[in-house]
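Written below as C-alpha cells is the structure these notes are about.
So you know, we letter chains A, B, ... as the sequences are listed, proteins then strands, and number each from 1. These values consider heavy atoms only, across backbone and side chains, with no hydrogens, waters or symmetry-generated copies.
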Protein chains: 4
Amino acid sequence: MPPTHNSSKDELDSAEAEVRPVRGRPRSEDSHEAVLGAVLDILDKEGYGALTIEGVARHAGVGKQTIYRWWKSKPELVLEAYANHSASKLPMPDKGDVTADLESFFCGACKRLNDISGPTMRGLMADAVYDPEFLEILRDVLIAKRRDALMQVLARGVARGQLRADADLVVMTDTLLGAVWYRLLVQHAKLDSRFAKQLVNDCLNGYAPRGR
Amino acid sequence: MPPTHNSSKDELDSAEAEVRPVRGRPRSEDSHEAVLGAVLDILDKEGYGALTIEGVARHAGVGKQTIYRWWKSKPELVLEAYANHSASKLPMPDKGDVTADLESFFCGACKRLNDISGPTMRGLMADAVYDPEFLEILRDVLIAKRRDALMQVLARGVARGQLRADADLVVMTDTLLGAVWYRLLVQHAKLDSRFAKQLVNDCLNGYAPRGR
Amino acid sequence: MPPTHNSSKDELDSAEAEVRPVRGRPRSEDSHEAVLGAVLDILDKEGYGALTIEGVARHAGVGKQTIYRWWKSKPELVLEAYANHSASKLPMPDKGDVTADLESFFCGACKRLNDISGPTMRGLMADAVYDPEFLEILRDVLIAKRRDALMQVLARGVARGQLRADADLVVMTDTLLGAVWYRLLVQHAKLDSRFAKQLVNDCLNGYAPRGR
Amino acid sequence: MPPTHNSSKDELDSAEAEVRPVRGRPRSEDSHEAVLGAVLDILDKEGYGALTIEGVARHAGVGKQTIYRWWKSKPELVLEAYANHSASKLPMPDKGDVTADLESFFCGACKRLNDISGPTMRGLMADAVYDPEFLEILRDVLIAKRRDALMQVLARGVARGQLRADADLVVMTDTLLGAVWYRLLVQHAKLDSRFAKQLVNDCLNGYAPRGR
DNA sequence: GACTAACCGAGACGGTACGTCCCGTCTTAAG
DNA sequence: CTTAAGACGGGACGTACCGTCTCGGTTAGTC
C-alpha cells in the first residue's frame, strides 16, 4: 500500500510532521524535486492541457511509478508544484483604508493572472470539475488561501468601520473573487487594474443611487 | 472538406440558411437526433467527463465519422445537445422593480443549477479551458445569452432610475454572474435563493456604510 | 558481491562446506524456509507462471533483497524448493529383469508426473528455455539425476545380457525419457502405465519385424 | 467485439474462406505483413525471449491495437509468422525403404533445428507451458503437422511390411519425436545426423538382443 | 434509367496516454 | 553483515479513445 499520498493539503496547511515510515528506503528528495521541476517546466512551455504523467516522468528522468506513488492524480501533482512555487506571496495589504487595500489586493491578483499563473489556475479549476476529490484539495489549499487573505482585509475594514457591520463577508468574498474568476475563465474582457479598481469601488458603493 | 460544421452558433443565433449541398444524400435527421439524444443520456447517467465521441457513436448506433462530419469536437456536440434541450426559458422578469427582477432572475438561475444543469455547465466550462475554439462558442452561445438577458434587466433598472446612471453594467454583470459561477465551480456553499437575494441586495447597496 | 549464490547444485550434489562468513549476522534459517515454503505454496495454488520474486517475498514476509542475495533467479529458487521437496525418492528398481525394471521406473515416473510434479516440471523446463544459465543447473541437478538413475538400470541390463552389448545407452535414454517429456509437454495423450509399458517394450523389441 | 482472432489454426489447416466482414474498413494487408515481417526480424536478431508486442509494433510501424486486434497473444503471433514462413517444406520422403525414409526425415529435422528454427521452436514450446490455449493451437498446427508427416512415412512402412503390423504408431511417433525434442530442450548433446541415424536404427531394431 | 455525389454504418488504422505489474538495484534502521 | 521494508529507474503489459481512413450500401438530384 502506498504511504498515504501526501495530499498536498497536509504538507501545505499544517505543520504536521509528515511521518516518515521508519523502515525502507526513504523518499528521494532528488526525484521529488525533479518531478516538481518538470511539472513547472512543462506547465510553462506547453501548458496545462499538454501535461501528462508520462511526459512528466520522461522529462524528470523518473519512473512513472514514482509519480503514482506520491501523487494520486495529475492535478494534485500540479497543485503541489504550483502551490510550492507560487507559494505564497499573497499580498495582504494593510494601509488603513479598505478601499486601498482591496484595490491593491485585486490589482496584484490580476497582474499575476496575466502571467503563467492564469492558464494554470484555469487548468486546475477545469480538472477539479471532473475530479471531486481534487476539488476538495484545490479548495482547501489554493482557494481557501486566497479567501482567507481577502477575508482578513475585509475584517479589518469592518473593524475600522469602513464596511457595514452587518455585511455578509462570505457573499462579499464570493462576489469579488467570483468576478475575477469569471473573467479569467470566460475571457471576454481584460483582467487589468482598471477592472480591479472598478470592481472594488462598485462593490463597496453598490449600484443603487446613493443618498436618496 | 466537411460541409461547414454547423457550429451551433449559427444554428442558434441566426437564421442563416444552412447551405444544403445540391446533390447527394441529405443529412439523416434520425442520426442527428440519435446523436443528440445519446449525448443527453450519457450526460445524465455518466456525467460529462465520461462522455466520449466513441461512446456517443456506440450509444447512438451511428458511425463515428457521422459525428465528426457535423461537429468539430466533443464540447460543441454537447453544447448543441444541451442548448437545444434546455433551450432557452431564461426568465426575463420585468416587474417594474430592478431588485425584484434581479432576485427573480438569480433565484431561477440557482434553482436550475441545482438540477442537471449544474454539472453540465461546469463540464462545459471545464472543456472550454482546454479548447479555446470551443470557449469562443460557449461564450457566444450560452454565456452571452445569459449576459444579454441580465443586461436587459439592468438596462431597465437604469432607465427607471433604480440604478446609477453611470453604473458600469459590464462589471456589474461580471460581479453578479461571477459570484454564481464561483459557487457553482468551487462548491464551497449552497446556491439557494437565500444566497441569490443576499447577492442582489448587497450588490445594489454596496458594502460601505450608507448615508455617512 | 553476494556471498556466492548457493546454486542449489552445490548444496545438493556435493558436500562442499558452505563457507560461512566469519563475522556479521548469520543467515536466517527462518527466512530461508519461509521463502522455500512460499514458493511451494504459490507453485501449488497459482501455478508456475504466476510465481514472481515479488510475490514470493510478500508471501514469505521477507525482503526481496534477501531472495536476490541467496538465489540468482526465479527458476533456481523454484528448483531448490522443488528439488528439496520432491527430493529424490527416484525408484531404482532392481528385479533382475531389465524389462520389469524399466516398466517399474516409468510407471512410477508417469504416476508422479500426474500429480503436482507435472506442472512444475513443465514450468522449470519452460524457464530453462529462456535462461541458459538455469538450463545448465536444471540439467545438472534434476535431469541428470533421472538420467543417471535410468542409466544404471540400463547398465545392469547390459551386464545381464538383456540388452545388446553395443547399445548406445545415451540415445536409448534420450528415447525413453524424451517420449515421456514429449507427452508431458504436448499433452496430446495420457501419461499412464499403459503408455509406460508400451514404451518400454517397443523400445526393447524395436518396430521392425523380428526373426526374419 | 474483435472479428474472431484468425487463430492461425484456421488459416493454416483448412481451406475455410476467412470470412471477411462485409462492412467496415478491410484489414490492411500491408500492416499484416509488416507485423509478421517484424516478428521474423526480431526473432532472428534478438531471439524469442526478447520479442515483445510493444517491440513488434514499434518495429513494424503499427499501432499496438492492430496487433491485439488480430492475435490473442505473443506466441500466437509468433506461430503464424513462423509457420507461414517455414510453412512448409516438411520432407515426406518416400524411397521405398522405411529406414531410409526415417533417416532422411530426421536428418532434415535436425538440420533445420540447428538453424533459427531451434530457438523459436523451444520458445514456442515454453510459451505453450504457460498458456494452455496456445498449447492447443501449437499442437494442432505445428506439432500435428510434423506428427502427421511422420505418421505417413510409418504407415507406408507398415504397408510394405517393413514395420510390424501390430506396431503402435502413436507411441512410436512419441518416441522418435520425443527424443529429438528432448535433445532440443535439454541441450545435453548435439542434434546431428549421426544422432538421427542412430535414433532411427535403434528404434527399429530395439535394444534387446536379436535372434535369440 | 443510369450516373454521380454526398451521405450512412461499420470498423480498421497509427498513435498517445493511461494505470498496473514486476524487474533487479538501492538505501534506510534495526538486529 | 544480514534482515524487513520499501523507494528507485525502467520497461512491457493490455485498454481506451483519439481523429483519420476506407469499405459496401443508401438516397437524393441531374443527365
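- Note on B:Trp70: a side-chain N or O is less than 4.0 Å away from OP1 or OP2 of E:dC8.
- Taking the side chain as every heavy atom from C-beta outward, A:Asp131 and A:Ser73 approach each other to under 4.5 Å.
- Set against E:dC23, F:dC13, F:dG19, the side chain of C:Ile53 has E:dC23 as its closest nucleotide.
- Within the structure, every side-chain polar atom (N or O) of D:Arg23 is placed at least 4.0 Å from both OP1 and OP2 of F:dG25.
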Original post:
Could you go step by step and tell me if D:Glu46 and D:His59 meet the side chain to side chain donor-acceptor pair (under 3.5 Å) rule?
Top reply: CA-CA 12 Å; D:Glu46 326 206 26; D:His59 195 287; over 6 Å; no
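- Summarising the geometry, the separation between CG on B:Asp30 and C1' on E:dC7 is reported as 13 Å, rounded to the nearest angstrom.
- One atom, OH of A:Tyr130, and another, P of E:dC18, lie 16 Å apart when rounded to the nearest Å.
- In this structure the side chain of A:Trp71 reaches within 4.5 angstrom of the side chain of A:Val35, judged on heavy atoms.
- You won't find any donor-acceptor pair under 3.5 Å spanning the side chain of D:Gln65 and the base of E:dA12, going by distance alone.
- Note: CZ (C:Arg69) to C1' (E:dT27) measures 12 Å, nearest angstrom.
- Distance from the side chain of A:Pro26 is smallest to E:dT28 among E:dT28, E:dG14, F:dG9.
- Note: CZ (B:Arg25) to C1' (F:dG24) measures 12 Å, nearest angstrom.
- Computed from coordinates, the C:Tyr68 OH to E:dT27 P distance equals 17 Å when rounded to whole Å.
- Taking atom CD on A:Glu54 and atom C1' on F:dG9, their separation rounds to 14 Å, with Å as the unit.
- Each of C:Lys74 and B:Gly63 lies near DNA chain E, and the nucleotide nearest B:Gly63 is the one positioned closer to the 5' end.
- For the pair A:Tyr48/A:Arg122, no side-chain contact is recorded, criterion being any heavy-atom separation below 4.5 Å from C-beta on.
- In this structure, A:Gly61 reaches the sugar-phosphate backbone alone: every heavy-atom distance under 4.0 Å involves primed, P, OP1 or OP2 atoms, never a base.
- Each of B:Ser28 and A:Arg58 lies near DNA chain E, and the nucleotide nearest B:Ser28 is the one positioned closer to the 5' end.
- The shortest distance between side-chain heavy atoms of C:Met125 and D:Val129 does not fall below 4.5 Å.
- We find that CG of D:Leu51 is positioned 15 Å from C1' of F:dG11, with the value rounded to whole Å.
- Rounded to an integer number of Å, the gap from B:His59 NE2 to F:dC17 P is 14 Å.
- Phosphate proximity of F:dG9 to A:Ser31: present, with a side-chain N or O under 4.0 Å from OP1 or OP2.
- Closest to the side chain of D:Lys64, out of F:dG14, E:dC18, F:dC17, is F:dG14.
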